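Everything below concerns the one structure shown next.
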Amino acid sequence: MTGNSSNIKQSSPWYNLILHLHPGKVRISTLDFKLTFGLGGMAALLVVIQVFTGLLLKFHYIPSPEGAYNSVLNINDGLLFGKLAHNIHHWSAILLLWITFLHLLRVFFTGAYRKPRHATWIFGMLLLVLVILSNFTGYLLPWDQLSYWAVTICTSLLQYIPLIGSPIKEALLGGNEIGSVTLSNFFNLHTGIIPLLMIVMMGYHFWRIRKAGGVIVSDKNAESALVDTQPNLVEREFVVALVLLAFLLVLSVLFDAPLRERANPSFSPNPAKAPWYFLGLQELLIHFHPFFAVVVFPLTLLIGSFWLPYIKLSDNNHGIWFLSDRGKNAGKFAAASGFIFTIFFIAVSELLPDPETVMKVVPSIITTGLVPFIIIIGTIFLYMKFLKKKFSLNRSESIQSIMIIMVMSYTVLSLTGIFFRGEGMKLIWPWMI
Ligand code: HEM
Ligand code: HEM
């Protein structure tokens, strides 16, 4: 196929726009859908949708405690297509989080975090942080019971960060409690600073992808034939975009964004839960000392992610999903053990007496922080040695297995928080909530 057979002429402004995003020719091997699943492109489209629907909502949204809730009711019930715009903004935000995370996993499992893609990975991590922050700051804006108390819980966690936690909390809230300054801060971050940072970083992210010579391919495919980007790549991207848009539209027509009663600062619902993406963290807080749950675990994860591209790997298995059959089997094993281990941990922590009451003389940061942290890290280390030996894994495959254990573990913690925690955050069956 050549560019002449396409419906976008090479002299048209659209073609010029495409050339700002893509090179004129791409390797045929990069067109394989299973290489990227189109996830990065989907994330980019969802950000555009968020900016577009967000700007529409901004015309009618009032960022004050007196006006916010009513303005959202007005958007829903008083405006032509207002509810649709609100629903699209809501579902697209959730999809964006999922798609960005899946994109991270695809990049990780095809080894695309290594040089020369290290900066793309690191800026990708920053983009993920921004996606989470835009979801979080948007969460407060409807100003209903759900959003008010979820944000109260999350911002109260900031105080466990030594030295900087309390000043950040005070600056963000504009005092000790959520009020009009908080809403205005969240609104400005949500509709100004965060989207701006996101657009700048996306530009850099895309530039780095081109600088690295396009998406990663295996060595076997490195010299595959070059074909015209338009229509070969552009038409494929168009199909993915249309399917995503259709899915988002159906979701938004069928399911309304949740809106509870107006926020009531003097009545806290029981249980008061964080937004779903932070529920794994809230679950950790039930089992560990707050300093470890809020600072040590997330920081270890963050440092590990930034350090990842600099780990020396001699094997040349980039551009291949899961590398060898041994790697795949170890992955399944790791998923099963992450699942069982986390459930076992929750059950043991629930059934055993609270270490703080048994060993009153020992500070709780040691009994419920340092000791369990060392036990967990030690167990993972020994378990990885066992996996490596059992499946004769290379280094990349071992790192993949660690990632699978962690993702599975956070999934189980989150599901426990969502479905198995009732009044007073006690463990109960989902049908009793
Ligand atoms: C990646 C980007 C964005 C994400 C993830 C996001 C996420 C969210 C979320 C989760 C909500 C709460 C909606 C609900 O559940 O009811 C929200 C509300 C809102 N967002 Fe965004 N948003 C983004 C970008 C923007 C932008 C760029 C603007 C405007 C310039 C904007 C304006 C608003 C407004 C005015 C509301 C309050 C009205 C409502 O609740 O529908 N958002 N956003
Ligand atoms: C708003 C969020 C993001 C957007 C819009 C975005 C967009 C994209 C696009 C369009 C691509 C090329 C096509 C593809 O791989 O699907 C890509 C590649 C890449 N992304 Fe992202 N990305 C985002 C977040 C992330 C995150 C969270 C990470 C990882 C931490 C990441 C790391 C990378 C890397 C390393 C590549 C190069 C992959 C390769 O060469 O095969 N990105 N991104």
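We count ligands from 1, going down the list as the structure has it; atoms in each ligand are counted the same way. It should be emphasised that the depicted structure is a prediction, and the values quoted were computed from it without experimental measurement.
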**Item:** V47 touching ligand 1 at heavy-atom level, < 4.0 angstrom
**Value:** no
**Request:** Give a yes or no on whether I28 atom CD1 has more than 12 heavy-atom contacts from other residues, nucleotides or ligands under 6.0 Å away.
**Result:** no
**Request:** Please state which part of P195 comes within less than 4.0 Å of ligand 1, counting heavy atoms only: side chain, backbone, both or neither.
**Result:** side chain
**Request:** Starting from atom 36 (C) of ligand 2, find the nearest protein heavy-atom neighbour and note its residue, name and distance.
**Result:** T120 CG2, 3.6 Å
**Complete:** Note: heavy atom closest to atom 16 (O) of ligand 1, options K58, H86, K83, belongs to H86
**Item:** Close side-chain approach of V227 and K25, heavy atoms under 4.5 Å
**Value:** no
**Message:** Just to be sure I'm reading this right: ignoring hydrogens, which of V215, L308, I209, L97 gets closest to atom 17 (C) of ligand 2? Compare them by their nearest heavy atoms.
**Reply:** I209
**Request:** Provide, to 0.1 Å, the distance between atom 27 (C) of ligand 2 and the closest protein heavy atom, together with that atom's residue and name.
**Result:** G124 O, 3.0 Å
**Request:** Using the side-chain contact (heavy atoms from CB on, under 4.5 Å) rule, pick out the option among I303, L302, L308 that qualifies with F306.
**Result:** L302
**Request:** Name the closest protein heavy atom to atom 15 (O) of ligand 1, giving the residue it belongs to and the distance to 0.1 Å.
**Result:** H90 ND1, 2.6 Å
**Message:** Does F108 have more than 12 heavy atoms from other residues, nucleotides or ligands lying within 6.0 Å of its CZ?
**Reply:** yes
**Prompt:** At a 4.0 Å threshold, what atoms of ligand 1 neighbour a non-hydrogen atom of P142?
**Reply:** 14 (C), 16 (O), 40 (O)
**Message:** Could you tell me, atom by atom, which parts of ligand 1 come under 4.0 Å of a heavy atom of L55?
**Reply:** 29 (C), 30 (C)
**Prompt:** Does a sphere of radius 6.0 Å around CG in N176 hold more than 12 heavy atoms from other residues, nucleotides or ligands, not counting ones at 6.0 Å or beyond?
**Reply:** no
**Asked** Is R421 salt-bridged to E283, going by a charged N under 4.0 Å from an acidic O?
**Response** yes
**Complete:** among protein heavy atoms, the one nearest atom 38 (C) of ligand 1 is Y61 CD1, 3.8 Å
**Message:** So that I know where these two stand, are F345 and H287 an aromatic pair - ring centroids less than 6.0 Å apart?
**Reply:** yes
**Item:** Degrees at atom 21 (Fe) of ligand 1 between the NE2 atom of H89 and the NE2 atom of H190, nearest 10°
**Value:** 180°
**Message:** Please list, in number order, the atoms of ligand 1 under 4.0 Å from a heavy atom of S134.
**Reply:** 1 (C), 2 (C), 3 (C), 4 (C), 5 (C), 6 (C), 7 (C)
**Complete:** Numbered in order shown, the ligand 2 atoms found under 4.0 Å of a heavy atom of A112 are 35 (C), 38 (C), 39 (C), 41 (O)
**Request:** Would you mind telling me if ligand 2 is within reach of the side chain of R106, the backbone, both or neither, using heavy atoms under 4.0 Å?
**Result:** side chain
**Prompt:** When you check the side-chain N and O atoms of T342 and S409, is any donor under 3.5 Å from an acceptor?
**Reply:** yes
**Message:** Using a 4.0 Å cut-off to any heavy atom of R117, which atoms of ligand 2 qualify?
**Reply:** 39 (C), 40 (O)
**Rounded to 10 degrees, the angle NE2 of H103 makes with NE2 of H205 at atom 21 (Fe) of ligand 2** = 180°
**Prompt:** For atom 29 (C) of ligand 2, what's the nearest protein heavy atom and its distance?
**Reply:** W121 CE3, 3.6 Å
**Asked** Starting from atom 9 (C) of ligand 2, which protein heavy atom do you reach first, and at what distance in Å?
**Response** G40 CA, 3.6 Å
**Asked** Are F291 and P162 side-chain neighbours, meaning at least one heavy-atom pair lies under 4.5 Å?
**Response** yes
